[in-house]
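Data first, discussion second: the structure below is written as structure tokens.
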Amino acid sequence: MTSRTCPCGLPLSYDACCGRFHTGSAAAPTAELLMRSRYSAFVRGDAGYLLRTWHPRTRPERLDLDPRMRWTGLEILGATDGSAFHTTGTVTFRASYRGGSLYERSRFERVDGAWVYVDGDFLE
């Protein structure tokens with residue numbers, strides 16, 4: 001689709017990075033990469049991907065994204081577990097948007113081998 005740098009902050013094109021997860025041609029191999037791909041989905045307004053990568057236990061029935069929201073950057077502050085050798089993991093991050101930022105520690109689990117977002121705690 002585009003060769004622009006991926007919104008998640010890694011030095012790759014969107015297609016080579018989060019785009020392959022969004023299209024379903026690959027699955028995020030770590031909790032951190034899933035978190036990055038979900039941030040990119042928020043940037044791109046891809047509610048379908050966000051719902052598909054949300055744990056069935058905590059997933060909302062629908063997700064209405066604000067088209068006026070302008071995400072401006074992602075900073076990964078820490079990650080615990082969440083690799084190919086784990087079944088759970090956490091990622092702490094700051095996602096900036098025009099007018100503020102979101103500071104969260106998100107929890108992830110594997111469901112049928114794929115990483116999914118469970119929930120998160122907002123931090124100060």
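Hydrogens, waters and symmetry mates play no part in the numbers below; they use all other heavy atoms, side chains included. Small disclaimer: the values here were computed from a predicted structure and weren't measured.
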Only pairs under 3.5 Å count here: list side-chain donor-acceptor contacts from residues 89-104, not counting sequence neighbours, and write none if there are none.
| unit_1 | atom_1 | unit_2 | atom_2 | d |
| --- | --- | --- | --- | --- |
| T92 | OG1 | R105 | NE | 3.3 |
| E104 | OE2 | S106 | OG | 2.6 |
| E104 | OE2 | Y117 | OH | 3.3 |

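- Cluster membership check: Y14 does not share its hydrophobic cluster with I76, using side-chain heavy-atom separations under 4.5 Å among Ile, Leu, Val, Met, Phe, Trp and Tyr.
- Remark: D46 CG to S40 OG distance equals 10.0 Å, nearest 0.5 Å.
- Using a 4.5 Å cut-off between side-chain heavy atoms of Ile, Leu, Val, Met, Phe, Trp and Tyr, with links allowed through other members, L33 and L12 fall into different hydrophobic clusters.
- Residues forming a side chain to side chain donor-acceptor pair (under 3.5 Å) with T23 (at least two apart in sequence, or on another chain): S25.
- Residue pairs meeting the salt bridge (charged side-chain N to carboxylate O under 4.0 Å, His left out) criterion with at least one partner in residues 77-89, sequence neighbours excluded, do not occur; the list is empty.
- With sequence neighbours left out, the side chain to side chain contact (heavy atoms under 4.5 Å, CB included) criterion links T58 to W54, H55, V118.
- Between the OG1 atom in T87 and the CZ atom in F108 there is a gap of 14.0 Å [rounded to 0.5 Å].
- The hydrophobic cluster containing F21 also contains V43, counting ILVMFWY residues as joined when their side-chain heavy atoms lie under 4.5 angstrom apart, directly or transitively.
- For P67, there are no side chain to side chain contact (heavy atoms under 4.5 Å, CB included) partners, not counting sequence neighbours.
- Counting only residues at least two apart or in different chains, salt bridge (charged side-chain N to carboxylate O under 4.0 Å, His left out) contacts with residues 20-31 are absent.
- Residues satisfying the salt bridge (charged side-chain N to carboxylate O under 4.0 Å, His left out) test with R36, not counting sequence neighbours, are E32.
- Interatomic distance, CH2 of W71 versus SG of C8, reported as 14.5 Å (0.5 Å rounding).
- Chaining together hydrophobic side chains whose heavy atoms lie under 4.5 Å apart places V111 alongside V116.
- Contacts of S83 classified as side chain to side chain contact (heavy atoms under 4.5 Å, CB included), with partners at least two apart in sequence or in another chain: F85, H86.
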Dump the intermediate steps for side-chain contact (heavy atoms from CB on, under 4.5 Å) on L51 and R59, then the final yes or no. CA-CA 7 Å; L51 289 169; R59 177 175 45 223; 3.9 Å; yes
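- With sequence neighbours excluded, no residue satisfies salt bridge (charged side-chain N to carboxylate O under 4.0 Å, His left out) with D112.
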Would you please test L65 and L50 for side-chain contact (heavy atoms from CB on, under 4.5 Å) and show each step? CA-CA 10 Å; L65 300 178; L50 292 166; 4.0 Å; yes
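- The side chain to side chain contact (heavy atoms under 4.5 Å, CB included) test applied to T53 returns L34, R38, Y49, not counting sequence neighbours.
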